[in-house]
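When a ligand or atom number is given, it counts from 1 through the structure's own listing order. Just so it is clear, the structure is predicted and the values come from calculations on it, not from any experiment.
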Amino acid sequence: MLPSIERLLILQDRDQKIRILRLELTNLPAERSILDSNLASGSSRLDAAKLHARDVELEKKKLEVEAQAKRDSIAKFRTQQFQTRKNEEFQALTNEIKRFEADIEKIEDRELELMEEAEKMKATVSQAEKEHAATKAHTNQQISEIEAKVKAIEAQLAELDAEREKLGEGIDEDLLYQYNKLFVNKGGLAVVALEHETCMGCHMKLTTQTAVRVKGSKEILNCEQCGRILYYAE
Ligand SMILES: [Zn+2]
């Protein structure tokens, strides 16, 4: 095998590692943002539960005040009934009292419903709080794992970049230029083996003449179909 091909193969190996690591690095922010949005939706579920619980409490308080006002009115009507001598007025007050008592009954029914609802909401809120706390702990753990991964990949990349820089120094400039272009344009595969007279990059059969020259291992040759640099694997 030509020494320059050997060097290119080592370079290609490093470049492929770099390529995979870069890809991983590009995907990590998306993973991270999924975690962030999970956390946000858990927090908004909790907020919604708390808000609903507060609304229930507010309505309960409002109804208590309303019922008390009606009870006060009834007491006032009864006093007025003692004071009046007119039958008509007495009857009108009786009707008012009945109407108010019916209102109070309705309010008390609703109050009971709200009390049940408040109990339920208490459980819902505490469940949501527990779930959110668990999600938060788990998610924060995952986020710090991602951050550690990013750091590790960046360190690996720095090492590989330095290594590839050195490897490149030993290779002919034109050949390196050709290799770099192929690596980018041919999906990270610039130097490929010739097997059974077939290019292992595009899987097309080469002409016998080219195949023979590649086997000779005396010159740099390219696939006639895809242009990749070929070498013969003994
Ligand atoms: Zn080819």
Side-chain angles (χ1 to χ4, degrees), residues 1-42 135 138-234:
M1 194 185 290
L2 282 171
S4 53
I5 293 278
E6 262 175 62
R7 283 203 193 94
L8 280 182
L9 282 172
I10 300 170
L11 186 64
Q12 180 166 267
D13 171 72
R14 302 302 182 275
D15 278 342
Q16 283 169 345
K17 282 180 182 141
I18 290 171
R19 198 166 179 259
I20 289 166
L21 290 172
R22 290 237 164 90
L23 199 67
E24 248 183 90
L25 211 53
T26 348
N27 292 335
L28 287 174
E31 271 182 50
R32 162 90 203 239
S33 89
I34 288 170
L35 291 173
D36 285 339
S37 74
N38 276 352
L39 211 54
S41 76
T135 309
H138 181 61
T139 308
N140 283 338
Q141 171 72 27
Q142 282 176 301
I143 286 173
S144 51
E145 274 167 23
I146 287 178
E147 280 165 356
K149 217 170 175 185
V150 168
K151 266 193 201 140
I153 290 176
E154 279 169 350
Q156 261 178 294
L157 277 173
E159 224 172 272
L160 284 165
D161 279 335
E163 210 183 320
R164 100 166 291 284
E165 190 76 24
K166 255 196 208 143
L167 284 165
E169 281 167 14
I171 300 169
D172 171 75
E173 215 173 289
D174 289 339
L175 181 60
L176 188 61
Y177 175 80
Q178 194 197 135
Y179 160 84
N180 283 333
K181 225 171 122 182
L182 282 167
F183 189 85
V184 172
N185 295 333
K186 301 289 173 191
L189 201 57
V191 189
V192 295
L194 173 79
E195 280 177 29
H196 309 295
E197 302 194 348
T198 302
C199 163
M200 285 296 107
C202 66
H203 301 284
M204 297 294 281
K205 208 167 165 68
L206 292 158
T207 61
T208 309
Q209 197 195 359
T210 308
V212 167
R213 284 171 70 192
V214 173
K215 280 179 192 170
S217 297
K218 287 196 169 54
E219 56 196 320
I220 298 290
L221 287 156
N222 302 80
C223 169
E224 293 139 355
Q225 301 294 333
C226 69
R228 288 185 176 94
I229 300 163
L230 292 163
Y231 69 93
Y232 181 58
E234 287 103 310

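Considering the Zn ion (ligand 1) as centre, the angle to SG of Cys223 and to SG of Cys202 is 110° (10° rounding). Rounded to 10 degrees, the SG-metal-SG angle spanning Cys199 and Cys226 at the Zn ion (ligand 1) equals 110°.
Annotation: the span from Leu221 atom CG to Leu206 atom CG amounts to 9.5 Å, rounded to 0.5 Å. Of the inter-residue distances, the one linking Tyr179 atom OH with Ile171 atom CD1 reads 8.0 Å to the nearest 0.5 angstrom.
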(message) Run the salt bridge (Lys or Arg N to Asp or Glu O under 4.0 Å) test on Arg7 and Asp172 for me, step by step, so that the C-alpha distance in whole Å, both residues' side-chain angles and the decisive distance to 0.1 Å come before the verdict.
(response) CA-CA 10 Å; Arg7 283 203 193 94; Asp172 171 75; over 6 Å; no

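Here His203 fails the criterion, with no N, O or S atom under 2.8 Å of the Zn ion (ligand 1).
Here the closest non-hydrogen pair linking Thr210 and Asn222 is CG2-O, 4.4 Å.
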